[in-house]
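Structure record follows, encoded as structure tokens.
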Amino acid sequence: MRVDKRKVALVGCGLVGMSYAYCLLNQTVCDELVLIDVNKQRAMGEAMDLNHGLAFAASNMEIYQGDYKDCIDADLVVICAGVAQKPGESRLDLLKRNAEVFRSIIDPVTRSGFNGIFLVATNPVDVMTRITCALSGFNAGRVLGSGTALDTARLRYLLGQYLHVDPRNVHAYVMGEHGDSEFVPWSQAMVATRPILELCHKAPGEESISREKLSEIADQVRGAAYQIIDAKQATYYGIGMALTRITKAVLGDENSVLTVTAMLRGEYGQRDVFAGVPCVINGSGVRRVLELPLTEEEAKQFSASCQTLQESFEGVL
Ligand code: NAD
């Protein structure tokens with residue numbers, strides 16, 4: 001009988017954090033979930049609300065409002081805490097304030113004796129993941145961010161709609177910054193084992209795929225968050241499910257390939273920068289970064305995105 005419990009500590013019980021927590025409960029991903037927030041009352045209310053759904057859940061789970069000392073035996077600390085941009089505030093000033101928020105989180109988490117894996121969702125996620133690594137002193141393989149996991153899911157959904165194929169049979173990634181400089185390496189996109197670019201050349205009896213439509217889809221993915229925020233002020237269900245998928249890969253020691261924020265150590269000609277790249281994820285965190293054979297043009301797009309991320313990080317710490 002298994003006695004060690006799969007334990008997740010969630011820091012930040014706002015819209016993103018609680019969408020993730022709700023998804024963990026519905027997909028029976030862990031045995032113990034501790035909710036931590038600077039607003040303790042909110043975390044307590046959220047714990048009560050989730051617990052009241054346990055009678056309808058597929059299996060039991062221990063859910064409670066807690067403190068940083070509860071991170072001591074957690075397998076994963078997931079950070080969704082953050083402050084919102086003030087009117088007129090620059091991106092860099094927001095980053096500096098979020099870096100302060102992270103100082104108030106990472107120090108007590110590491111002081112608790114936590115020896116697991118950090119997963120970060122707070123934006124700008126690539127820079128906040130690098131800050132988490134710097135503040136914790138953890139080996140970079142044990143610090144990952146949600147990166148372009150959500151963007152990749154959006155891409156697969158849109159391609160699935162366009163090509164009339166189940167998104168799970170579409171293999172395509174969004175790489176680089178989770179933000180404006182992200183890009184799709186189309187040379188690496190496949191439907192099952194067939195390169196999507198090959199499908200652009202019409203074969204007899206086949207429907208042709210247009211390059212323009214593919215660029216449109218990439219633009220739609222890049223603009224999706226803005227569009228959702230315009231419509232409903234925030235995005236949270238998609239990221240909640242993306243974080244759940246990453247959590248399953250870690251807790252299940254799956255060796256799954258997911259596009260997360262990871263530190264580059266020479267891959268793609270980059271060093272020290274944290275960016276969204278396809279990685280093999282298992283119980284030790286980022287087991288390895290997959291290096292895709294990008295075209296010259298795609299490699300340039302990736303370096304430009306990394307340059308943006310490097311400059312953002314240098315401005316903060
Ligand atoms: P929210 O305002 O609803 O929740 C933030 C929570 O953080 C609040 O409960 C707040 O009390 C808590 N918090 C603030 N300072 C804290 C501190 N010092 N210690 C502990 N808790 C603290 O915001 P949200 O909509 O849940 O978004 C959270 C973050 O997730 C934002 O940075 C947002 O941009 C980001 N996000 C990321 C992605 C992604 O793909 N990575 C997608 C959507 C949103």
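Because the structure is a prediction, the values reported are computed rather than measured. Indexing begins at 1, ligand by ligand and atom by atom, following the structure's order.
Among Ala81, Gly145, Ala242, Pro108, the residue whose heavy atom sits closest to atom 13 (N) of ligand 1 is Ala81. Among Asn123, Val83, Val101, the residue whose heavy atom sits closest to atom 34 (O) of ligand 1 is Asn123.
The protein atom (non-hydrogen) at minimum distance from atom 3 (O) of ligand 1 is Leu15 N, 3.1 Å. Looking only at protein heavy atoms, the nearest one to atom 5 (C) of ligand 1 is Gly82 O, 3.7 Å. Of the protein's non-hydrogen atoms, the one nearest atom 27 (O) of ligand 1 is Val16 CG2, 3.5 Å. The nearest protein atom to atom 18 (N) of ligand 1, hydrogens excluded, is given as Ser104 OG, 3.3 Å; this is a heavy-atom distance. Among protein heavy atoms, the minimum distance from atom 29 (C) of ligand 1 is reached at Cys80 O, 3.8 Å. The protein heavy atom nearest to atom 20 (C) of ligand 1 is Val38 N, 3.3 Å. Shortest contact from atom 1 (P) of ligand 1 to any protein heavy atom: Gly14 CA, 4.0 Å. For atom 11 (O) of ligand 1, the closest non-hydrogen atom of the protein is Asp37 OD1, 2.6 Å.
Side chain of Asp70 to backbone of Asp67: a donor-acceptor contact under 3.5 angstrom is found. A donor-acceptor contact shorter than 3.5 Å links the side chain of Asn51 to the backbone of Ile63. The closest donor-acceptor contact from the side chain of Thr308 to the backbone of Ala304 lies under 3.5 Å.
For ligand 1, the atoms lying closer than 4.0 Å to a non-hydrogen atom of Ala121 are 30 (O), 35 (C), 36 (N), 37 (C), 38 (C), 39 (C), 41 (N).
There is a protein heavy atom less than 4.0 angstrom from atom 32 (O) of ligand 1.
The distance criterion of under 3.5 Å between nitrogen or oxygen atoms is not met by Asn98 with respect to ligand 1. Inclusion of Thr122 in the set of residues having an N or O under 3.5 Å from an N or O of ligand 1 is not warranted. Considering backbone and side-chain N/O atoms, Thr235 never comes within less than 3.5 Å of an N/O atom of ligand 1. Ligand 1 has no nitrogen or oxygen under 3.5 angstrom from a nitrogen or oxygen of Ile105.
A single hydrophobic cluster is seen to contain both Leu76 and Phe138, as judged by linkage of ILVMFWY side chains at heavy-atom distances under 4.5 Å, directly or through other members.
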Mind listing the side-chain donor-acceptor pairs of residues 224-237 below 3.5 Å, one per line with the distance, residues two or more places apart or on another chain?
from	atom 1	to	atom 2	distance (Å)
Tyr226	OH	Asp180	OD1	2.7
Tyr226	OH	Asp180	OD2	3.3

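Side-chain atoms of Gln65 and Lys40 include no donor-acceptor pair closer than 3.5 Å. Counted by atom type alone, Glu216 and Gln220 present zero donor-acceptor pairs between their side chains at under 3.5 Å.
At a 4.0 Å heavy-atom cut-off, ligand 1 touches Ser146 through the side chain alone. Of the heavy atoms in Ile239, only side-chain atoms (C-beta onward) come closer than 4.0 Å to ligand 1.
With sequence neighbours excluded, the residues forming a side chain to side chain contact (heavy atoms under 4.5 Å, CB included) with Asp75 are Arg6, Lys7, Leu251, listed by chain and number.
Ring geometry, Phe302 versus Tyr268: the interplanar angle falls from 30° to 60°, so the pair is classed tilted.
When the options Thr129, Thr148, Asp126, Asp151 are evaluated for a side chain to side chain donor-acceptor pair (under 3.5 Å) with His178, the one that passes is Asp151.
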| task | Dump the intermediate steps for side-chain hydrogen bond (donor to acceptor under 3.5 Å, both in side chains) on Glu182 and Ser305, then the final yes or no. | result | CA-CA 7 Å; Glu182 69 184 31; Ser305 194; over 6 Å; no
